[in-house]
Engineer: 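Below you will find the structure I want to go over with you.
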Amino acid sequence: MILLISDLHLEEERPDISRAFLHFLRTRAHQAEALYILGDFFEVWIGDDAISPFQRSIAQALRQLSDCGTRIYLMHGNRDFLLGKAFCRAAGCTLLPDPSLVELGGEKVLLMHGDSLCTQDQAYMRLRRWLRNPLSLFVLRNLPLAARHKLARKLRKESRTQTSMKASEIVDVTPAEVPRLMASHGVQTLIHGHTHRPAVHRLEVAGRPAQRIVLGDWDKQGWALQIDQQGYQLAPFALDA
Ligand SMILES: [Mn+2]
């Protein structure tokens with residue numbers, strides 16, 4: 001059995017979510033061969049050198065799971081793209097590039113965070129290109145901590161006001177983008193998060209039935225996609241279960 005989650009937006013201010021996640025690790029994830037975390041795992045990450053005791057406790061919980069034999073894969077989101085090698089080593093997880101082509105349950109599947117699919121949001125796409133450029137990343141990683149905290153606050157504030165002003169189609173995935181991208185990777189299944197609109201979308205790729213599975217964010221409830229002999233099951237669960 002394989003589990004995929006995304007958009008937990010873990011932060012100290014939401015102990016209900018971290019509690020639910022730690023419970024999820026001890027129970028369902030413990031039974032899984034692999035756990036995929038497709039971005040925005042943390043609400044904010046300003047660098048592995050600025051890890052807080054809260055974030056360290058999450059890394060230790062992941063480490064415990066990977067020591068028990070569950071493989072853990074982590075992909076960057078737009079909030080935590082500065083997660084680096086030191087965190088992955090501490091947490092016992094493997095960093096996946098976005099996009100990643102993997103084999104899950106005998107099928108080739110494309111995994112993404114999902115923000116790069118929202119191509120209609122041109123201002124965001126420009127910012128994303130700038131933030132993910134190796135030179136900018138180098139500069140960001142080497143800024144003093146106080147400057148990184150300040151920048152992270154500014155980016156979050158801007159993202160919130162921008163998102164609330166933009167039409168909902170603009171901050172969602174561009175539909176025409178999806179079949180083209182899936183065909184170019186030769187997959188019939190795409191799994192991503194980011195939009196906080198959990199759903200299984202049926203479509204056609206290269207003349208065959210295909211699916212785009214959107215993972216849910218953890219807020220009022222948790223979400224996980226389970227892949228096993230029964231196929232793909234996307235379902236919510238109570239945070240206090
Ligand atoms: Mn996101």
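In listed order, ligands and their atoms are each counted from 1.
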Engineer: Round to 10° and report the angle made at the Mn ion (ligand 1) by ND1 of His194 and OD2 of Asp40.
Structural biologist: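 Roughly 170°, rounded to 10°.
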Engineer: Taking the six-membered ring for Trp, are the ring centroids of Trp218 and Phe24 within less than 6.0 Å of each other?
Structural biologist: yes
Engineer: Evaluate salt bridge (charged side-chain N to carboxylate O under 4.0 Å, His left out) for Arg89 paired with Asp48, printing each intermediate quantity in order.
Structural biologist: CA-CA 11 Å; Arg89 248 194 320 274; Asp48 290 5; over 6 Å; no
Engineer: Examine Asp115 and say whether one of its N/O/S atoms is closer to the Mn ion (ligand 1) than 2.8 Å.
Structural biologist: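 No N, O or S atom of Asp115 is closer than 2.8 Å to the Mn ion (ligand 1), so no.
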Engineer: Are Arg128 and Asp98 within salt-bridge range, i.e. N to O under 4.0 Å?
Structural biologist: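 Yes, this pair counts.
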Engineer: Could you tell me whether Arg208 and Glu204 make a salt bridge, using a distance below 4.0 angstrom between a side-chain N and a carboxylate O?
Structural biologist: no
Engineer: Mind checking whether the Mn ion (ligand 1) has an N, O or S of Asn78 under 2.8 Å?
Structural biologist: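 Of the N, O and S atoms in Asn78, at least one lies under 2.8 Å from the Mn ion (ligand 1), which means yes.
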